[in-house]
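The next block holds one structure in the form of structure tokens; read it before the comments.
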Amino acid sequence: MHSKASLTLAVSILIVSGWGIVSALSWPWKAALFPLVISIPFACLAAAEILWVLLGSAAKNDAADFKLSDHLPPELALRRTALAIVWILGFFAAIVLAGFPIAVPLFVFLYLRLQGKESLAFSAIFTFAVWGFFYALFDQLLHLPFPAGWIRTWLG
């Protein structure tokens with residue numbers, strides 16, 4: 001049953017990503033870049049999964065149920081999971097309120113300082129590097145306009 005489901009999913013992903021690749025090839029380069037960057041790796045991974053299912057060994061493991069952690073107390077695992085969810089929701093809130101160009105470095109810095117307990121120097125240098133990469137790729141190279149966050153919109 002597992003290999004049938006895996007094969008069906010992989011074939012479906014290969015068909016959809018192949019359609020995305022073929023469709024995007026006739027578009028202008030800037031418009032086609034994002035679909036191609038997503039569709040080509042998906043097609044390769046789906047093809048690899050198809051080969052794995054078809055040519056792989058017959059020995060199958062039982063499916064494992066979702067488990068937070070076996071080696072940790074359930075309270076600690078739930079606390080860590082909740083903390084990760086809070087960080088993700090905080091990042092989304094920062095994107096909505098401040099916009100991507102501000103939210104990304106803000107999140108990186110706060111996560112490194114508060115959650116990672118890294119030094120101020122390391123956090124600042126790493127944040128600057130991430131911001132530089134983000135700025136160079138999305139603003140300078142791809143010229144992607146990001147909407148201003150709600151705060152910047154309210155302030156004019």
Side-chain angles (χ1 to χ4, degrees), residues 5-50 63-156:
S6 185
L7 183 62
T8 303
L9 180 62
V11 168
S12 301
I13 291 172
L14 184 61
I15 290 169
V16 171
S17 60
W19 171 73
I21 293 167
V22 170
S23 297
L25 289 176
S26 63
W27 299 350
W29 174 243
K30 275 189 167 181
L33 183 62
F34 183 73
L36 290 174
V37 166
I38 299 300
S39 296
I40 290 171
F42 269 18
C44 293
L45 290 171
E49 177 66 17
I50 291 169
D65 290 337
F66 173 74
K67 296 178 185 175
L68 293 174
S69 290
D70 287 338
H71 64 285
L72 295 174
E75 300 81 23
L76 180 60
L78 285 172
R79 182 178 168 278
R80 288 180 178 177
T81 303
L83 187 59
I85 290 169
V86 168
W87 276 106
I88 292 169
L89 292 176
F91 182 53
F92 289 152
I95 292 169
V96 170
L97 293 173
F100 263 104
I102 294 172
V104 169
L106 178 67
F107 177 80
V108 169
F109 183 78
L110 290 175
Y111 189 82
L112 287 172
R113 286 292 289 160
L114 301 176
Q115 189 65 35
K117 299 187 181 13
E118 294 293 341
S119 70
L120 181 62
F122 177 81
S123 298
I125 291 169
F126 195 80
T127 299
F128 183 74
V130 168
W131 173 82
F133 177 77
F134 183 87
Y135 178 75
L137 178 64
F138 294 113
D139 193 48
Q140 297 299 306
L141 183 65
L142 298 175
H143 304 291
L144 292 178
F146 288 108
W150 289 354
I151 294 173
R152 290 178 34 202
T153 303
W154 293 332
L155 296 175

Euclidean distance, [Y] [atom2] relative to [X] [atom1], rounded to 0.5 Å:
X	Y	atom1	atom2	result
Phe128	Tyr135	CZ	OH	11.0 Å
Ile13	Glu49	CD1	CD	8.5 Å
Leu83	Leu114	CG	CG	10.0 Å
Ile95	Phe146	CD1	CZ	9.5 Å
Leu45	Ile50	CG	CD1	11.0 Å
Trp131	Ile102	CH2	CD1	11.5 Å

Classify the angle between the aromatic ring planes of Trp87 and Tyr111 as parallel (below 30°), tilted (30 to 60°) or perpendicular (above 60°). perpendicular
Search all heavy atoms of [X] against all heavy atoms of [Y] and return the closest pair with its distance.
X	Y	value
Ser12	Thr8	OG-O, 2.8 Å
Trp27	Pro35	CZ3-CG, 3.5 Å
Leu36	Pro41	O-CD, 3.9 Å
Ala24	Ala32	O-CB, 3.1 Å
Ala148	Thr153	O-OG1, 3.7 Å
Leu14	Ala43	CD1-O, 3.5 Å

So, does Ser26 use its side chain to make a donor-acceptor pair with the main chain of Ser23 at under 3.5 Å?
yes
Minimum side-chain heavy-atom gap [X]-[Y] below 4.5 Å:
X	Y	value
Pro73	Glu75	yes
Leu144	Asp139	no
Val108	Phe91	no

Phe126 atom CZ, neighbour heavy-atom count above 12 within 6.0 Å = no
Count the heavy atoms belonging to other residues, nucleotides or ligands that lie under 6.0 Å from CZ of Phe42, then report whether that count exceeds 12.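 Open.
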